[in-house]
K.L.:
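One structure coming up, written as structure tokens, with questions to follow.
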Amino acid sequence: MATRIIAIYHVKDSADRIAARAHAIAVEQSVEMPVSAITDRGVLEDIVGKVEDIRDLHDGGFEVRIGLAVATTGLEPGQLMNMLFSNSSIHADIELHDAEFPDSVLSAFGGPNHGLAGLRARVGAKDRALTCSALKPQGLDAKALADIAARLAAGGLDFIKDDHGLANQSYSPFAERVPAVAAAVRRANPKTGYLPSLSGNLDQLRAQVKIARQAGLNAALVAPMITGLAGFHTLVRENPDIAFMAHPALAGAGRIAPPLLLGKIFRLMGADATVFPNHGGRFGYSRQTCHALAEAARSPWGNLKNTVPVPAGGMTPERVPEMLQFYGSNVMLLIGGGLLAAGPRMTEEAAKFQDAVASAMVA
């Protein structure tokens, strides 16, 4: 059984320094002290990080592969991230590019409870791409947001999620907004799923899950980097019947490659769907990054269910054929502002979006 995680870093440095840098990262990410001062043979052999490989990337940097003992993670989300990047993240010339996890880690964290098959079953979509929109803007009261949600749902969308900025603000308290929106969506289209945005500390998150359940909901949106990976993972494991969509807010604050963080780590922690900035939108992700992220989320990975990639940002109904050609049908397309900007024609534009997905799949 593999007892080490292989952490893969991209390091900007010179050829004559990279071996020393790799060794320093291995020590920093494991024992964080002079190895010469360690006398315990077990620590030296089993705990100290090991440089497995160094490869020249021919772009002024190197790929460094370091073996980190699974035992040091305690199989806990925060400690896993601590061992993968912690102090090394302070160095501006180091990126955590990828990681290879043994089956023991995959089994311990569990991954998604539902995945693509589960989300498709909820809305009766056998093999087509899924659709989603975002409920916004924050600042409106619960009734106004419920009215918008109803118009979107009437267009036949599969899912409507809260904007991640919707929380428990005074102008739209969670306990008031979520039941109102859930009821409005259910009246407009019983097949449309609604995902309220959960926020706050773990006690508050649990209380919001209870409110969502009482409103008849079985899915929710969480920003794992805001709530904390440990809190997110706890919610997933405590609520196996609820599907969780992960939002990328704050995910760009550290130098962790998006395919690893949004694709693999969020999947490992239990995200059934992962939202990410689509190429060609208002963010700077490249086509290559988006493709790698989508594949990390949904490709076979041990016994874990897949996570549905959800490209968003700058999406329009006109881009549907292009996006389906790029991502294939195992995807959820999210259009927010492109539908909300339609105003009185919001329902018609939502239906146009839904039809564009269906017709593109037929073609």
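Keep in mind that the numbers below use all heavy atoms, side chains included, and drop hydrogens, waters and symmetry copies. Please read these numbers as outputs of a predicted model, since none were measured by experiment. Counting from 1, the numbers follow the sequence of the chain as shown.
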K.L.:
Does this structure show an ion pair linking E95 with R255, if we count only N-O contacts that are shorter than 4.0 Å?
P.N.:
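Looking at R255 together with E95, the answer is no, because their closest N to O distance does not fall below 4.0 Å.
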K.L.:
Salt bridge or not for K352 and E318, using N-O below 4.0 Å?
P.N.:
yes
K.L.:
Could you please spell out the steps behind the side chain to side chain donor-acceptor pair (under 3.5 Å) verdict for Y9 and D93?
P.N.:
CA-CA 10 Å; Y9 306 92; D93 56 359; over 6 Å; no
K.L.:
Just by distance, with hydrogens left out, do S107 and S104 show a side-chain donor and acceptor under 3.5 Å apart?
P.N.:
no
K.L.:
In Å and rounded to the nearest 0.5 Å, what is the SG to CG distance from C132 to L195?
P.N.:
6.5 Å
K.L.:
Consider only side-chain N and O atoms of N87 and Q29, and report whether a donor and an acceptor are under 3.5 Å apart.
P.N.:
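On atom types as modelled, these side chains do not qualify, holding no pair under 3.5 Å.
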K.L.:
Would you compute the distance between atom CD1 of I66 and atom CZ of R4 and round it to the nearest 0.5 angstrom?
P.N.:
10.5 Å
K.L.:
Please determine whether residues F276 and L130 belong to a single hydrophobic cluster, defined as Ile, Leu, Val, Met, Phe, Trp and Tyr linked transitively by side-chain heavy-atom distances below 4.5 Å.
P.N.:
no
K.L.:
Below 4.5 Å, heavy atoms only, C-beta onward: do E52 and I6 meet side chain to side chain?
P.N.:
yes
K.L.:
Is the closest basic N to carboxylate O distance between D147 and R151 below 4.0 Å?
P.N.:
no
K.L.:
Should E295 and H291 count as side-chain neighbours, where that means a heavy-atom distance under 4.5 Å?
P.N.:
yes
K.L.:
State plainly whether the residues R120 and D158 are in salt-bridge range, i.e. N to O under 4.0 Å.
P.N.:
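Looking at R120 and D158, the cut-off is not met.
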K.L.:
Report yes or no: do Q354 and T131 form a side-chain donor-acceptor pair below 3.5 Å?
P.N.:
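There is such a pair between these side chains.
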K.L.:
Heavy-atom count check: over 12 atoms from other residues, nucleotides or ligands less than 6.0 Å from D59 CG?
P.N.:
yes
K.L.:
Do D53 and R65 meet the salt-bridge criterion of a basic N to acidic O distance under 4.0 Å?
P.N.:
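A salt bridge is absent here (no side-chain N lies under 4.0 Å from a carboxylate O).
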K.L.:
Under 30°, 30 to 60°, or over 60°: which ring-plane class applies to W301 and F101, parallel, tilted or perpendicular?
P.N.:
tilted
K.L.:
Do S199 and Q204 have a side chain donor and acceptor closer than 3.5 Å?
P.N.:
no
K.L.:
Quick one about N218 and R213 (side-chain donor to acceptor, distance below 3.5 Å, no hydrogens or angles considered), yes or no?
P.N.:
no
K.L.:
Evaluate the side-chain proximity of E28 to S88: yes if any heavy-atom separation is below 4.5 Å, no if none is.
P.N.:
yes
K.L.:
I want to check something: taking the side chain as every heavy atom from C-beta on, are L152 and L340 in contact at a cut-off of under 4.5 Å?
P.N.:
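A side-chain contact under 4.5 Å exists here.
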